[in-house]
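Atoms considered below: every heavy atom in the structure, side chains included; atoms not considered: hydrogens, waters and symmetry mates. Lettering of chains follows the sequences in order, A, B, ..., and the numbering in each one begins at 1.
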Amino acid sequence: MKYKIPRGTQDILPEQSKKWQYIEKKAHDLCKRYNYQEIRTPVFEQTELFARGVGDTTDIVQKEMYTFEDRGGRSLTLRPEGTASAVRSFVENKMHGWANQPVKLYYIGPMFRYERPQSGRMRQFVQLGVEAMGSDDPAIDAEVIGLAMDFYRELGLTNLKLVINSLGDKESRTNHRNALIEHFKPRITEFCSDCQARLEKNPLRILDCKVDRDHELMESAPSILDYLNDDSKAYFAKVQKFLHDMNIAFEVDATLVRGLDYYNNTAFEIMIDGEGFGAITTLTGGGRYNGLVEEIGGPTTPGIGFALSLERLLMALETQGVVLPIEQGLDAYLVTMGDEAKNAAPKLLHKLRGEGLTVDGDYMDKKMKGQMKTADRQNADFVLILGEEELSKNSVMIKTMETGHQELVPMDEVVDRIKK
RNA sequence: GCGGUUGUGGCGAAGUGGUUAACGCACCGGAUUGUGAUUCCGGCACUCGUGGGUUCAAUUCCCAUCAGCCGCCCCA
């Protein structure tokens with residue numbers, strides 16, 4: 001084969017795209033109920049936006065971006081995530097001046113990261129992202145988390161685990177980070193090579209290392225929760241109270257770290273339990289990013305949001321055997337015999353479709369038997385048989401496929417007959 | 001960026017250094033000249049991911065490369 005799909009991408013074929021349409025519609029409906037409005041931004045942005053927004057020490061920026069130069073010499077990047085774009089648009093369109101605050105936005109669209117593909121990780125993948133900017137009320141943290149949980153719940157997913165943590169403000173984070181380095185550094189050689197690399201890069205990650213989980217220094221390591229200042233502590237307590245009030249189960253994990261630089265205070269992940277799901281169990285990641293709008297050039301504005309992958313959602317639905325209520329099949333299939341009937345087909349099909357019916361007919365010049373077989377395969381409720389006999393009586397033979405019963409119906413009663 | 005594993009028709013899957021590359025499913029045609037099941041009969045791979053090498057001869061051996069899958073890192 002001469003041409004192949006690019007690595008880490010996929011064609012979503014009709015059988016799958018039905019599911020996509022279903023979950024996308026669910027997302028739109030749910031966001032509407034929560035009063036979040038859709039925003040559509042370009043799939044590429046100035047490279048600098050991501051370097052600045054996502055953080056130039058992150059893996060995403062350092063080694064995963066699709067960056068290219070356009071003919072005008074501008075450095076552009078296919079978006080690796082959606083928050084930076086949403087914030088850019090917030091600032092550029094001066095949304096901080098909008099009458100309704102906070103500004104509550106969502107988007108669904110493809111993101112791009114240059115990584116080695118594996119289960120649940122593609123180079124092009126689709127995220128549903130939700131962002132609320134302008135409020136630092138802990139109630140909106142709970143709202144955003146609740147939206148994500150509702151989305152999964154309404155689609156029928158079970159065995160979900162909500163994990164939350166507080167990363168504190170910038171000062172708390174720096175202090176904690178230094179404490180961690182001090183804690184591990186003297187004996188870092190006792191740890192795996194990954195952890196040794198993590199020490200300077202991201203010491204927090206040492207805490208959830210699978211290799212060294214039983215090392216005695218793990219238990220005694222300083223917890224971020226002990227480094228929160230009073231405001232951060234009170235804020236985190238409020239978020240937990242609201243989640244509790246909303247009857248949303250969660251657990252606090254002081255080792256939960258998010259990989260993007262912009263997070264502070266509330267951080268959360270929604271994970272899935274269960275066999276056969278592969279190594280990647282995080283379905284949703286999100287958190288608060290109070291410094292980001294300012295970083296991008298806007299006024300000081302708090303924000304919180306999350307992103308979830310639709311591919312991973314579909315995988316989860318698949319492994320849990322959730323069947324989505326997707327309609328399929330035709331209302332009717334038109335079978336014709338003879339040239340005269342064949343010539344009358346377009347007019348009849350067009351009329352039926354104009355009445356809102358899902359119908360199809362033969363374009364492969366098949367014999368009657370073949371046409372019947374096609375109708376059966378396509379799950380048609382009715383077969384409309386049109387031959388010389390029917391034409392001469394200005395009628396159509398309507399066969400109910402399930403029962404096999406059939407009767408001759410005058411042409412102008414066909415629509416009513418099928419609709420009921 | 002690193003590691004493991006796989007690559008034969010639309011799909012699944014055998015196979016061998018040398019004559020027509022099994023079989024199953026699907027599909028197409030016929031038996032049934034106006035009817036979807038089943039059954040029976042027939043059809044359906046100038047070719048074994050791609051490129052190169054070894055050989056009289058390669059789908060089979062060697063090398064490279066690309067891709068899929070799984071994992072590490074990281075992330076949604």
(request) Select base, sugar-phosphate, or nothing to describe what A307(A) touches, counting heavy atoms under 4.0 Å on all strands. (result) sugar-phosphate
(request) Give a yes/no on whether any side-chain N or O of R116(A) is located under 4.0 angstrom from OP1 or OP2 of A67(B). (result) no
(request) Under the side-chain hydrogen bond (donor to acceptor under 3.5 Å, both in side chains) rule, what do Y235(A) and D141(A) come out as? Steps first, then yes or no, please. (result) CA-CA 10 Å; Y235(A) 193 95; D141(A) 298 40; 2.7 Å; yes
(request) Check whether any side-chain N or O of Q127(A) sits under 4.0 Å from OP1 or OP2 of A76(B), and answer yes or no. (result) no
(request) Examine G68(B): is either OP1 or OP2 under 4.0 Å from a nitrogen or oxygen in the side chain of R7(A)? Give yes or no. (result) yes
(request) Please state the C1' separation for the pair A22(B) and C48(B) - nearest whole angstrom. (result) 14 Å
(request) Evaluate side chain to side chain contact (heavy atoms under 4.5 Å, CB included) for V163(A) paired with F250(A), printing each intermediate quantity in order. (result) CA-CA 6 Å; V163(A) 180; F250(A) 62 88; over 6 Å; no
(message) If you compare every side-chain N and O of R377(A) against the phosphate oxygens of C27(B) (OP1, OP2), does one of them come in below 4.0 Å?
(response) yes
(message) Here's one to test your reading of the geometry: is the NZ or CZ of R79(A) within 45 degrees of the ring axis of F44(A) and under 6.0 Å from its centre?
(response) no
(request) Please assess S309(A) against Q127(A) for the test side-chain hydrogen bond (donor to acceptor under 3.5 Å, both in side chains), listing each intermediate value before the final yes or no. (result) CA-CA 5 Å; S309(A) 147; Q127(A) 281 189 340; over 6 Å; no
(message) Using a 4.0 Å heavy-atom cut-off, does E311(A) contact any base of the nucleic acid, only the sugar-phosphate backbone, or nothing at all?
(response) nothing
(message) Within residues 26-35 of chain A, which residues have any heavy atom lying less than 4.0 Å from an atom of RNA chain B?
(response) none
(request) Please measure how far the C1' atom in A57(B) lies from the corresponding atom in G17(B), and state the result in whole Å. (result) 8 Å
(request) Kindly say if T282(A) contacts the phosphate of A76(B), meaning a side-chain N or O under 4.0 Å from OP1 or OP2. (result) no
(request) Look at all strands and tell whether G370(A) reaches a base, only sugar-phosphate, or nothing, counting heavy atoms closer than 4.0 Å. (result) nothing
(message) Categorize K63(A) for me: base, sugar-phosphate, or nothing, with a 4.0 angstrom heavy-atom threshold over every strand shown.
(response) base
(request) Just call it for E81(A): base, sugar-phosphate, or nothing, with non-hydrogen atoms closer than 4.0 Å on any strand. (result) nothing
(request) Look at the side-chain N and O atoms of K4(A) and state whether any lies under 4.0 Å from the OP1 or OP2 oxygen of U50(B). (result) no
(message) Heavy atoms only, 4.0 Å cut-off, all strands: where does M122(A) land among base, sugar-phosphate and nothing?
(response) base
(message) Roughly how many Å apart are C74(B) and C62(B), using the P atom of each and rounding to a whole number?
(response) 37 Å
(message) Check this for me: does the side-chain of R113(A) come within 3.5 Å of the base of A76(B) through a donor and an acceptor?
(response) yes
(message) Check the phosphate of G36(B) against K369(A), side-chain N and O only, distance under 4.0 Å to OP1 or OP2. Yes or no?
(response) yes
(message) Need one value for G8(A): base, sugar-phosphate or nothing, where a base atom within 4.0 Å counts as base even if backbone is also close, heavy atoms only.
(response) sugar-phosphate
(message) Categorize E390(A) for me: base, sugar-phosphate, or nothing, with a 4.0 angstrom heavy-atom threshold over every strand shown.
(response) base
(request) Quote, to the nearest angstrom, the C1' distance that separates U39(B) from A45(B). (result) 28 Å
(message) Taking donor-acceptor contacts at under 3.5 Å, does the side chain of E115(A) reach the base of A76(B)?
(response) yes
